Participant: 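Right, I'll just put the structure down here and ask away after.
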Amino acid sequence: MMKPNIIFMGTPDFSAPILKAVHKKFGVSHVITQPDKPVGRKRILTPPPVKAQALELGIEVYQPEKMTSDEAYAYVKDLNPDLIITAAYGQLLPERILEIPRLGCINVHASLLPKYRGGAPIHKAIINGEKTSGVTIMYMAKKLDAGDMISQVKVPIEQNDTVGTLHDKLSEAGTDLLIDTLPSIFNETNERTPQNHELATFATNVSRDEEFVTFERTSEAVHNHIRGLSPWPVGFAKLNGQNIKLWMSEVSSGSGTPGEIISADKHGIKVATNDGAVLLTEIQPAGKKRMKASDYIAGLKQTIEGQTFNGL
């Protein structure tokens, strides 16, 4: 069998190891990724991780602003790919591009479809207290993440998994699943299972409002919210009018008015919820770096016990 002509489309860290593995095993002719973007306070123009990986592997890179443009269509059409693989690319592909490859366009999606379609499946699975996530390889369709499924793998969500740790587990699982699945796609013997659209749920990108953490919920829900935003974009709460980013927490016990600081000591900052407490162990006060909550407390001139995290 001739080597298939594969185009890989992806952008963030999640996609880079997938690209590397596919190229090593099967070869990738071209990579399409999002344009370079300014990063950090100094707004330094930075290539996306997939571009950096592609250049390291010596693969040609194309970075269109929009895949809906005639230029992007012509670029893909001229390459005449057998297969397009996408993994967290960040743009929907128009129907005319989906129709180009003879083997179709497939996507590596970080959820057990039809649950958590959309751009933030890892965040929302943790925030919602799911115990299991996974990866689905599926055909791309006109509607977002609605195509027929080819293969799936389940990945457990541990009590203290964050977006960061689960992201890495799912990226690894997705890489292995794709490598195992591709041969059946090349020889056209793969399964093709339609999704049950009635069971679909959606994981839209995290909004700024969703980054605000309130304590008028169960301890488990607050803990899930904090770890479901760490290490990006990182949830925050307000104390004495100042934003404090909440990096890490633990479910704890205690009693008080939700949001009230029950204790602040070497263990961290214990905050009351509506059924107990959470212990904030790593935080980031406004204008400062991420730090252990105990170090923040040690540097204070007065106690914060009895104070309350307040609303927006």
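All figures in this text were calculated on a predicted structure; none of them were measured in a lab.
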Participant: Quick one: closest heavy-atom pair of A277 and K270, and the distance?
Facilitator: CB-CG, 3.7 Å
Participant: Do V28 and L57 have side chains that get closer than 4.5 Å, going by heavy atoms?
Facilitator: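 No - every pair of side-chain heavy atoms lies 4.5 Å or more apart.
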Participant: Should the heavy atoms of other residues, nucleotides or ligands under 6.0 Å from CD of E172 be counted, would the total exceed 12?
Facilitator: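 Result for CD/E172: open.
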Participant: Between D295 (side chain) and M291 (backbone), is there a donor-acceptor pair under 3.5 Å?
Facilitator: no
Participant: Would V271 and I262 count as a side chain to side chain contact (heavy atoms under 4.5 Å, CB included) here? Give the steps.
Facilitator: CA-CA 6 Å; V271 185; I262 299 169; over 6 Å; no
Participant: Scan for ring-ring contact (aromatic ring centres under 6.0 Å, His included) pairs involving residues 6-38, sequence neighbours excluded, and state none if there are none.
Facilitator: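 Listed once each, the pairs are F14-H167, F26-F186.
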Participant: Flag the pair S294 / H267 as yes when at least one side-chain heavy-atom distance between them is below 4.5 Å, and no otherwise.
Facilitator: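 Counting from C-beta outward, S294 and H267 never come under 4.5 Å.
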Participant: What distance do N160 atom CG and E158 atom CD have between them, rounded to the nearest 0.5 Å?
Facilitator: 9.0 Å
Participant: Should I283 and I304 be regarded as members of a common hydrophobic cluster, given that ILVMFWY residues are connected when their side-chain heavy atoms come within less than 4.5 Å of each other, either directly or indirectly?
Facilitator: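 Yes, one cluster joins them.
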Participant: Find out if a path of hydrophobic residues (ILVMFWY) with successive side-chain heavy-atom gaps under 4.5 Å connects I297 to W247.
Facilitator: no
Participant: If you apply the rule side chain to side chain contact (heavy atoms under 4.5 Å, CB included), what do you find for T132 with I157, and how did you get there?
Facilitator: CA-CA 5 Å; T132 306; I157 302 177; 5.7 Å; no
Participant: Rounded to the nearest 0.5 Å, what separates atom NE2 in H109 from atom CG in L170?
Facilitator: 10.0 Å
Participant: Is the CD atom of E71 crowded by more than 12 outside heavy atoms at less than 6.0 Å?
Facilitator: no
Participant: T175 side chain to A173 main-chain N or O, any donor-acceptor pair under 3.5 Å?
Facilitator: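 Not a single qualifying donor-acceptor pair exists.
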Participant: What pair of heavy atoms forms the shortest contact from A16 to P49, and how long is it?
Facilitator: CB-O, 4.2 Å
Participant: Pairing donors with acceptors under 3.5 angstrom, does anything connect the side chains of E130 and Y116?
Facilitator: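 Distance-only check passes for E130 and Y116.
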Participant: What's the separation between atom NZ in K20 and atom OG in S15, rounded to the nearest 0.5 Å?
Facilitator: 15.0 Å
Participant: Centres of the F215 and F309 rings: under 6.0 Å?
Facilitator: yes
Participant: R227 vs H123, test: side chain to side chain donor-acceptor pair (under 3.5 Å). Steps then yes/no.
Facilitator: CA-CA 9 Å; R227 68 193 183 104; H123 294 82; over 6 Å; no
Participant: I would like to know whether R290 and M248 meet side chain to side chain contact (heavy atoms under 4.5 Å, CB included); could you show each step before the answer?
Facilitator: CA-CA 10 Å; R290 176 181 179 178; M248 298 290 285; 3.9 Å; yes
Participant: Within the distance-only criterion (no hydrogens, no angle test), does the side chain of Q53 pair as donor or acceptor with the backbone N or O of V50 below 3.5 angstrom?
Facilitator: no
Participant: Does Q284 reach the main-chain N or O of K288 with its side chain, forming a donor-acceptor pair under 3.5 Å?
Facilitator: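 Confirmed, Q284 side chain pairs with K288 backbone.
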Participant: Transitively linked via ILVMFWY side-chain contacts under 4.5 Å: I84 with I100?
Facilitator: yes
Participant: Would you indicate whether the side-chain heavy atoms of I85 and V22 approach each other to under 4.5 Å?
Facilitator: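 The answer is yes; the side chains approach within 4.5 Å.
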Participant: Indicate yes or no: at least one non-hydrogen side-chain atom of L112 is less than 4.5 angstrom from one of K154.
Facilitator: yes
Participant: Are M140 and L19 connected in the hydrophobic side-chain network, where two residues link if heavy atoms are under 4.5 Å apart?
Facilitator: no
Participant: Does any part of the side chain of L93, heavy atoms only, come nearer than 4.5 Å to the side chain of M9, both counted from C-beta?
Facilitator: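 When only atoms from C-beta onward are counted, L93 and M9 do touch, with a gap below 4.5 Å.
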Participant: Between T11 (side chain only) and Y89 (backbone N and O only), is there a donor and an acceptor less than 3.5 Å apart?
Facilitator: yes
Participant: Is a side-chain N or O of N196 found less than 3.5 angstrom from the main chain of E198, in a donor-acceptor match?
Facilitator: yes
Participant: Do Y75 and D70 pair up side chain to side chain, a donor and an acceptor below 3.5 Å, judged on atom types alone?
Facilitator: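 Not at all, the side chains of Y75 and D70 share no donor-acceptor pair under 3.5 Å.
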Participant: Kindly indicate whether the side chain of F236, heavy atoms from C-beta on, has any atom under 4.5 Å from the side chain of I244.
Facilitator: no
Participant: Using modelled atom types only, decide if a donor and an acceptor are shared between the side chain of D36 and the backbone of L45 within a distance under 3.5 Å.
Facilitator: no
Participant: Between I179 and I18, does a side chain to side chain contact (heavy atoms under 4.5 Å, CB included) hold up when you go through it step by step?
Facilitator: CA-CA 9 Å; I179 296 303; I18 301 176; over 6 Å; no
Participant: May I ask you to decide if D148's main-chain N or O and R192's side chain share a donor-acceptor pair within less than 3.5 Å?
Facilitator: no
Participant: Restricting to non-hydrogen atoms, name the atom on G268 and the atom on A293 that form the minimum distance, rounded to 0.1 Å.
Facilitator: CA-CB, 3.9 Å
Participant: Between I97 and M67, is there a side-chain heavy-atom distance shorter than 4.5 Å?
Facilitator: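 When only atoms from C-beta onward are counted, I97 and M67 do touch, with a gap below 4.5 Å.
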Participant: Measure across S219 and V278 and return the closest heavy-atom pair with its distance rounded to 0.1 Å.
Facilitator: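 Smallest interatomic distance, heavy atoms only, reads O-CG1, 3.4 Å.
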Participant: Using a distance-only test with no angle check, is there a side-chain donor-acceptor pair under 3.5 angstrom linking D275 and T218?
Facilitator: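 No donor-acceptor contact under 3.5 Å links the two side chains.
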Participant: Using modelled atom types and a 3.5 Å cut-off, is there a donor and acceptor pairing between side-chain atoms of N5 and backbone atoms of N80?
Facilitator: yes
Participant: When you compare the side chains of K51 and Q63, does any donor N or O come within less than 3.5 Å of an acceptor on the partner?
Facilitator: yes
Participant: Taking atom types as modelled, is there a side-chain donor on H225 or R217 under 3.5 Å from an acceptor on the other?
Facilitator: yes
Participant: Could you tell me whether E210 and K124 have a side-chain N and a carboxylate O separated by less than 4.0 Å?
Facilitator: yes
Participant: Is it true that, when you exclude E305 itself, more than 12 heavy atoms of the residues, nucleotides or ligands shown sit nearer than 6.0 Å to its CD?
Facilitator: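 Counting other residues, nucleotides and ligands, CD of E305 exceeds 12 neighbours.
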Participant: Any Lys/Arg nitrogen of K292 or E282 sitting under 4.0 Å from an Asp/Glu carboxylate oxygen of the other?
Facilitator: no
Participant: So, S230 and T162: side-chain donor and acceptor under 3.5 Å apart, yes or no?
Facilitator: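 Not at all, the side chains of S230 and T162 share no donor-acceptor pair under 3.5 Å.
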Participant: Membership question, hydrophobic clusters at under 4.5 Å side-chain separation (ILVMFWY): are I6 and L177 in the same one?
Facilitator: yes
Participant: When rounded to the nearest 0.5 angstrom, what is the spacing between CG in D180 and OG in S151?
Facilitator: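 If I round to the nearest 0.5 Å, the distance is 8.5 Å.
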Participant: Answer with yes or no whether the side chains of T136 and Q152 bring together a donor and an acceptor at under 3.5 Å.
Facilitator: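 Yes, because at least one side-chain N or O of Q152 sits under 3.5 Å from a partner of the opposite role on T136.
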Participant: I need the K245 NZ to I226 CD1 distance, nearest 0.5 Å.
Facilitator: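 Answer rounded to 0.5 Å: 14.0 Å.
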Participant: At their closest point, which heavy atom of P101 faces which heavy atom of L98, and how far apart are they?
Facilitator: CD-O, 3.6 Å
Participant: Closest approach of I185 and N190, non-hydrogen atoms and distance?
Facilitator: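 What the structure gives for the nearest pair is CA-OD1, 3.5 Å.
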Participant: Working to the nearest 0.5 angstrom, can you tell me the gap between T193 OG1 and L113 CG?
Facilitator: 12.0 Å
Participant: Does a donor on one side chain sit under 3.5 Å from an acceptor on the other, for T189 and N187?
Facilitator: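 Yes - a donor-acceptor pair under 3.5 Å links their side chains.
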Participant: Is any side-chain heavy atom of E211 less than 4.5 Å from a side-chain heavy atom of R208?
Facilitator: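 In contact.
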